Participant: 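What follows is a single structure, and I will ask about it in a moment.
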Amino acid sequence: MTSLLKPNPDALRTGGYSVPPAALRDPATAIRLDANENPIPPSEKALAAAAEALTGAIRYPDPLSTALRRAIAEAEGLPADQIVCGHGSEELIFMLARTWLQRGDEMVLPATTFSIFRIAGLLAGAEIVSAPENRLRLDVDALLACVTDRTRVVAVANPNNPTGALAPFDEIVRLHRALPRHVLLILDAAYAEYVTDAGWRDGHELVTPDGNVLVLRSFSKAHGLAGLRVGWCHAPTEVCALLNRVKPVFNVAAPNAAAGAVSIFERERLAQVRDASQAASAEYEALWRDLGLFAIQGAANFTYVETPAPDGGRPSLYEHLAAANIKVMMLGGYGLERSLRITFGTPEENAQVIAAARDWARRG
Ligand SMILES: Cc1ncc(COP(=O)(O)O)c(C=O)c1O
């Protein structure tokens, strides 16, 4: 830094959230499958509720998002006083890091997980301890082996991003039981609505008023409200009290909260979203099998695939898709230089990706 300003050195440690550039043919019209957004729009009813709330824009929103918390509590069968809402679940991750971590503390994360945990932990001054995985799957024993008396937080995204890998619920229970009582366990279930595996559970039943586990949820994925930024957590009483103390006072805008409070009850729409995701998942499974590539048939709304090492001047699958004006996520930032994460789009978009991938394989 050349200026005389003196930023918090921890802000410089984070490196930020990087999105690798892609040589798209026409960025303005590109098919964007790089951010795990939902191609199915939110319901008319949810959008109408947001529009109605806009008429009250001269007022600040309710700082406690009371109506939204009540709606979530009713729809999910949870106590409203154990819910805190955020400007996306990402905001809650930053708030949790700020309230639970300080210099000298450690946050343990699986080696390949949602990068915002790392950024939030570093910004809070903590050290990030990266636990090995088992071929990109959660390894509870490896995670537990990383826990020391300096560990304050362990976070597990399930289904995981960027792999889509699903950890069985009994493994999460085993992790929770073995963790020291003073370690906060964050279960990030941003993609919970997509999961169809019998026996999988999102973890809410592990949350108790005086416990050490919380569950994060998002309206950005299955609910299709990524642009409005609404997330929530179901957490022990002490955690809720602290989050309410540190959070920006008016953190959830009224139109965003209003849309969420309607969307949470739209079970039929959520079932359609899940079915569309399953159909796309099956198509990609067949594609990767035909192409002989290692892939994880994700439990969420995206697929993870490992592509071959570059040979000669042949474009990579990432470059080939970019040339076809399709933007997907290249996972170099996670140390997975040859891996891609592709969000499921509309059936037409999926068909275009699959045709482009087959074309790429034919030329190889
Ligand atoms: C695992 C996971 N958690 C949290 C988030 C943040 O979601 P939001 O802030 O949009 O609620 C994402 C977004 O991609 C995610 O993949």
Side-chain angles (χ1 to χ4, degrees), residues 16-19 32-39 42 46 65 68 72 83-98 107 109-121 123 133 136-138 153-167 172 185-195 200 202-203 214-235 243 247-248 251-253 256-257 259-260 263-264 273 277 296 298-304 327-331 333-334 336 339-344:
Y17 182 81
S18 69
V19 177
R32 306 201 66 100
L33 302 173
D34 60 334
N36 297 346
E37 293 147 341
N38 190 341
S65 304
L68 174 59
I72 294 168
I83 293 171
V84 177
C85 298
H87 184 74
S89 54
E90 188 187 54
E91 184 191 43
L92 293 164
I93 294 173
F94 279 100
M95 294 194 315
L96 285 162
R98 220 180 311 142
M107 170 156 74
L109 300 174
T112 316
T113 196
F114 185 47
S115 53
I116 295 297
F117 281 111
R118 186 170 183 279
I119 294 173
L123 189 57
E133 294 162 306
L136 295 171
R137 304 255 169 206
L138 182 71
V153 176
V154 171
V156 173
N158 190 24
N160 192 22
N161 177 13
T163 59
L166 194 70
I172 299 293
L185 174 60
I186 301 177
L187 299 176
D188 181 345
Y191 300 92
E193 296 86 352
Y194 288 101
V195 181
W200 185 82
D202 45 29
L214 69 90
V215 178
L216 279 173
R217 301 285 295 270
S218 175
F219 280 95
S220 302
K221 309 301 177 183
H223 289 277
L225 295 170
L228 289 189
R229 315 301 301 122
V230 196
W232 56 281
C233 71
H234 170 212
L243 290 178
K247 82 177 184 62
N251 63 328
V252 184
N256 311 3
S263 189
I264 195 84
V273 166
S277 181
I296 294 181
N301 63 339
F302 55 88
T303 179
Y304 168 94
K327 174 96 170 80
V328 301
M329 185 66 149
M330 200 251 282
L331 299 175
Y334 289 86
L336 301 162
S339 300
L340 302 181
R341 186 195 69 194
I342 306 177
T343 307
F344 302 148

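Quick caveat: nothing in here was measured; it's all calculated off a predicted structure. In what follows, residues are counted from 1 in the order of the sequence shown. Order of listing sets the numbers, starting from 1, for every ligand and every atom in it.
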Participant: Report the distance from atom CD1 of I342 to atom NZ of K327, rounding to the nearest 0.5 Å.
Facilitator: 11.5 Å
Participant: With no hydrogens and no angle check, do the side chains of S277 and N301 hold a donor and an acceptor under 3.5 Å apart?
Facilitator: no
Participant: I'd like to check which ligand 1 atoms, numbered from 1 as shown, lie under 4.0 Å from a non-hydrogen atom of Y191.
Facilitator: 1 (C), 14 (O), 15 (C), 16 (O)
Participant: Is N161 close to ligand 1, meaning an N/O of one under 3.5 Å from an N/O of the other?
Facilitator: yes
Participant: Any atoms of ligand 1 less than 4.0 Å from a non-hydrogen atom of S218? List them with their elements.
Facilitator: 7 (O), 8 (P), 10 (O), 11 (O)
Participant: Does at least one non-hydrogen atom of H87 fall below 4.0 angstrom from an atom of ligand 1?
Facilitator: no
Participant: Answer with yes or no whether D188 contacts ligand 1, where contact means a heavy atom under 4.0 Å from a ligand atom.
Facilitator: yes
Participant: Looking only at protein heavy atoms, identify the closest one to atom 12 (C) of ligand 1 and say how far it is in Å.
Facilitator: F114 CZ, 3.4 Å
Participant: Starting at OH of Y304, measure out to CG of L336 and round the result to the nearest 0.5 Å.
Facilitator: 4.5 Å
Participant: Quick one: closest heavy-atom pair of F302 and N161, and the distance?
Facilitator: CZ-CA, 4.1 Å
Participant: Before signing off on this row, confirm whether N36 and ligand 1 have an N or O atom pair separated by under 3.5 Å.
Facilitator: no
Participant: Closest heavy-atom contact between G203 and L187?
Facilitator: CA-CD1, 4.1 Å
Participant: With a 4.0 Å cut-off on heavy atoms, is F219 touching ligand 1?
Facilitator: no
Participant: Among protein heavy atoms, which sits nearest to atom 13 (C) of ligand 1, and what does the distance come to when rounded to 0.1 Å?
Facilitator: K221 NZ, 3.2 Å
Participant: How many angstroms lie between atom CZ of R341 and atom CG of D34, to the nearest 0.5 angstrom?
Facilitator: 7.5 Å
Participant: What's the shortest distance from atom 10 (O) of ligand 1 to any protein heavy atom, and which residue and atom give it?
Facilitator: S220 OG, 2.5 Å
Participant: When you measure from the side chain of N160 to the backbone of T112, do you find a donor-acceptor pair of N or O atoms at a distance under 3.5 Å?
Facilitator: yes
Participant: Record the part of R229 in heavy-atom contact with ligand 1 below 4.0 Å; permitted values are side chain, backbone, both and neither.
Facilitator: side chain
Participant: Side-chain donor-acceptor contacts of residues 219-232 below 3.5 Å, not counting sequence neighbours, with atom names and distances?
Facilitator:
from, atom 1, to, atom 2, distance (Å)
S220, OG, S218, OG, 3.3
S220, OG, R229, NH1, 3.3
K221, NZ, A35, O, 3.4
H223, ND1, S263, OG, 2.6
R229, NH1, A226, O, 3.4

Participant: Heavy-atom contact under 4.0 Å between S89 and ligand 1?
Facilitator: yes
